[in-house]
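Report on the following structure.
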Amino acid sequence: MSNKEQTLSIIKPDAVERNLAEKIKIIFSENSLKIKETKKLHISKDEAAQFYKVHQAKPFYDQLCSYLSSGPIEVIILEGENAVLKNRELMGATDPKNAADGTIRKLYGVSIDKNSVHGSDSVENARKEIDFFFKN
Ligand code: CDP
Ligand code: MG
């Protein structure tokens, strides 16, 4: 049975800065995740704080928001079969040290905060996150 989903990917400042966006997008395309829309932007710390609101109680929240707003990012709507889970698999574990071989974070992540990509963790959050960046 088909289960076409959409999910949000963000190529974070560390990866944009190192010109890794095209390489990362090729990984998505080669793994049957279609790039539906993409947009480059540089968000404010307030916008980052809104986006990461689920993490507001975490000790790393302030740093996380500073980081995501520290430079240009690329936000991407991915679409495909089980896109949410597939993207999470392609990304690998949050800490690049623990990420499986071949995953984006293993290949390109520098540290737990500079881990190159964001990916929605559920279909519901994907909808919210896509709306956050793409609903005018
Ligand atoms: O991004 P992911 O869903 O894998 O991880 P998360 O638990 O939802 O955390 C969101 C982001 O916060 C991570 O991608 C890291 O960049 C950052 N983080 C951090 O800086 N320090 C931690 N101890 C945990 C997460
Ligand atoms: Mg998360």
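The structure displayed is predicted, hence computed values, not measured ones. Ligands are counted one by one from 1 in listed order, and the atoms in each one are counted from 1 as well.
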Can you sort out the partners of Ala15 under side-chain contact (heavy atoms from CB on, under 4.5 Å), two or more places apart, ordered by chain and number? Ile11, Leu20, Ile24, Ser116

Taking atom NZ of Lys53 as the centre, report whether more than 12 heavy atoms of other residues, nucleotides or ligands fall under 6.0 Å from it. no

Are Lys34 and Phe28 in a cation-pi contact, defined as NZ or CZ under 6.0 Å from the six-membered ring centre and within 45° of the axis? no

Per the under 4.0 Å non-hydrogen criterion, ligand 1 touches Lys12, His55, Phe60, Leu64, Arg88, Thr94, Arg105, Ile112, Asp113, Asn115

When you measure from the side chain of Tyr61 to the backbone of Ala49, do you find a donor-acceptor pair of N or O atoms at a distance under 3.5 Å? yes

May I have all residue pairs that pass side-chain hydrogen bond (donor to acceptor under 3.5 Å, both in side chains) and include part of residues 68-78, sequence neighbours excluded? Lys25-Glu74, Thr38-Glu74

What pairs meet the salt bridge (charged side-chain N to carboxylate O under 4.0 Å, His left out) rule with one or both residues in residues 76-102, with sequence neighbours excluded? Lys4-Glu79, Lys36-Glu79, Asp95-Lys97, Asp101-Lys106

